[in-house]
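Written below as structure tokens is the structure these notes are about.
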Amino acid sequence: MNEPDPGTDSKRVYDPAEEHEFPDEKLNAILEFVDEDEEITTYLEAQNINAVDRMQYNDHGTKHIEIVRNRALCLYDLLKAGDVDFNGARQQGLDEEDESVIIALAATLHDVGHVVHRDEHVYYSIPLAADILDRVLAEFYDLPDVVRMKGEVLHAILCHHTAETPLTTEAGIIRVADALDMESGRSRIPYEHGGRGINTLSSQAIKRVSLYEGETSPVMVEIAMTNAAGVYQVDNLLKAKLRGSGLEDDIRIVAVNTNENHEQLVERIEL
């Protein structure tokens with residue numbers, strides 16, 4: 001199989017102005033609303049205090065959310081191009097345009113529970129996100145669809161936690177996208193403060209995560225790492241998120257050691 005050239009056709013950032021494999025008008029309107037919403041932007045800033053300042057954990061604030069949402073929407077675009085079925089919105093009687101909204105809102109709010117505590121944060125995220133969704137969704141949907149959309153977004157938020165099983169493709173995307181935020185910048189704050197845990201050291205080893213249209217599957221995720229510590233991120237964290245996501249057959253993951261100046265204990269692994 002011929003691998004894509006780095007930087008060629010790589011999908012890393014969702015651009016509202018580009019053409020997509022799905023209807024994007026409602027998504028783009030909601031993204032604009034969310035990004036200007038004071039309550040949401042404050043949550044994204046505040047949720048990092050427990051994770052980073054108090055527990056010296058990896059970033060889980062505004063930057064993390066930006067990365068996860070971009071990864072999620074790019075995954076969605078590639079999976080739609082590969083004719084992967086999305087059941088969340090469809091089974092609720094919602095429209096195709098609502099699939100991307102579910103994904104974007106879940107990606108935005110999946111970590112708000114960190115304002116309560118890092119431990120078990122996913123369960124704190126549910127009531128906090130529910131209150132926010134009541135207000136945001138009412139701007140774009142009538143009451144019955146608010147209820148249905150709210151349920152699907154909350155399901156996707158809950159299932160980014162590996163202890164819970166995604167029942168929709170939309171939720172599976174959030175689960176995987178959360179683990180795709182693994183580049184070195186993600187651990188910059190705790191690393192500079194002396195954090196040397198395995199999460200910090202392994203993410204420091206990840207140089208770049210790129211998404212491509214695959215040849216044997218709808219999506220190929222290419223991970224460039226500079227030393228073998230990055231294997232922890234790929235094998236222990238990403239593999240755990242991919243397993244049980246429902247997307248195991250649709251996403252191929254390739255990790256390559258790009259460090260040419262030192263002995264390479266690990267050159268290439270595939271999931």
Side-chain angles (χ1 to χ4, degrees), residues 14 30-73 101-140 146-147 149-166 170-195 197-200 203 233 237 240-241:
Y14 172 78
I30 291 177
L31 285 177
E32 183 176 357
F33 181 93
V34 165
D35 289 342
E36 295 177 355
D37 186 87
E38 184 177 13
E39 182 183 17
I40 293 175
T41 56
T42 303
Y43 264 116
L44 301 190
E45 295 170 359
Q47 68 195 38
N48 228 16
I49 302 301
N50 280 329
V52 175
D53 293 357
R54 295 171 180 165
M55 298 183 70
Q56 298 294 290
Y57 204 76
N58 292 25
D59 171 63
H60 279 76
T62 303
K63 188 61 177 177
H64 170 63
I65 297 304
E66 176 188 345
I67 292 170
V68 171
R69 195 168 74 189
N70 276 314
R71 298 281 195 271
L73 290 173
V101 175
I102 291 167
I103 291 166
L105 289 175
T108 301
L109 300 173
H110 77 278
D111 272 344
V112 293
H114 277 86
V115 299
V116 180
H117 205 292
R118 161 67 192 172
D119 297 339
E120 305 295 329
H121 70 276
V122 65
Y123 302 111
Y124 303 127
S125 292
I126 296 301
L128 293 173
D131 287 346
I132 296 169
L133 289 169
D134 282 338
R135 178 173 57 81
V136 173
L137 290 170
E139 297 285 333
F140 300 91
V146 166
V147 172
M149 287 291 295
K150 179 180 174 181
E152 291 304 311
V153 174
L154 293 177
H155 175 72
I157 290 173
L158 180 69
C159 294
H160 89 270
H161 185 31
T162 52
E164 309 296 341
T165 301
E170 291 92 330
I173 282 183
I174 299 302
R175 183 183 175 112
V176 174
D178 187 41
L180 290 177
D181 178 14
M182 60 170 64
E183 293 175 0
S184 57
R186 169 153 162 63
S187 61
R188 177 181 57 79
I189 298 174
Y191 190 84
E192 290 178 354
H193 286 141
I198 185 60
N199 281 304
T200 298
S203 59
Q233 289 279 328
L237 301 182
K241 291 275 192 173

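Quick caveat: nothing in here was measured; it's all calculated off a predicted structure.
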Between V112 and I157, does a side-chain contact (heavy atoms from CB on, under 4.5 Å) hold up when you go through it step by step? CA-CA 10 Å; V112 293; I157 290 173; over 6 Å; no
Pair M55-D119, side-chain contact (heavy atoms from CB on, under 4.5 Å): steps then yes or no: CA-CA 10 Å; M55 298 183 70; D119 297 339; 4.0 Å; yes
Passes side-chain contact (heavy atoms from CB on, under 4.5 Å), T108 versus I40? Steps please. CA-CA 9 Å; T108 301; I40 293 175; 4.0 Å; yes
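Using a distance-only test at 3.5 Å, with no hydrogens or angles considered, no donor-acceptor pair links the side chain of E66 to the main chain of T62. No side-chain donor-acceptor contact under 3.5 Å links T162 to the backbone of K241. N50 contributes a side-chain N or O that, together with a main-chain N or O of V115, makes up a donor-acceptor pair within less than 3.5 Å. At least one donor-acceptor pair closer than 3.5 Å links the side chain of H121 to the backbone N or O of R118. Side chain of H64 to main chain of G61: no donor-acceptor pair is present (N/O by atom type, distance under 3.5 Å, no hydrogens or angles).
Here S125 contributes atom OG and Q47 contributes atom CD; the two are 7.5 Å apart, rounded to the nearest 0.5 Å. For the atom pair CG of L180 and CG of N70, the computed distance is 12.0 Å after rounding to the nearest 0.5 Å. Atoms CZ and CG, from R54 and N48 in turn, are 11.5 Å apart once rounded to the nearest 0.5 Å.
Side-chain contact between I174 and I102 is absent, with no heavy-atom pair separated by less than 4.5 Å. The side-chain heavy atoms of R175 and L158, taken from C-beta on, include no pair separated by under 4.5 Å. H114 has its side chain within reach of D111: a pair of non-hydrogen atoms, C-beta onward, lies under 4.5 Å apart. Counting heavy atoms from C-beta outward, L31 and Y14 have side chains that approach closer than 4.5 Å. Side-chain contact check for V136 versus I132: some heavy-atom pair is nearer than 4.5 Å. Side chains of L154 and L133 form a contact here, defined as non-hydrogen atoms less than 4.5 Å apart.
Remark: R71 engages E183 in a salt bridge (charged side-chain N to carboxylate O under 4.0 Å, His left out) (not counting sequence neighbours). The salt bridge (charged side-chain N to carboxylate O under 4.0 Å, His left out) search around E139 returns none, not counting sequence neighbours.
K150 has no carboxylate O lying under 4.0 Å from a charged side-chain N of D131, or vice versa, which leaves the two without a salt bridge. A salt bridge links E39 to R135: at least one charged side-chain nitrogen sits closer than 4.0 Å to a carboxylate oxygen.
Checking H160, H60, H161 one by one against D178, the side-chain contact (heavy atoms from CB on, under 4.5 Å) holds for a single residue, H160.
Defined by atom type and a distance below 3.5 Å, a donor-acceptor pair is present between the side-chain atoms of E164 and Y123.
Nearest approach of P166 to A171, heavy atoms of both residues: CB-CB, 3.9 Å.
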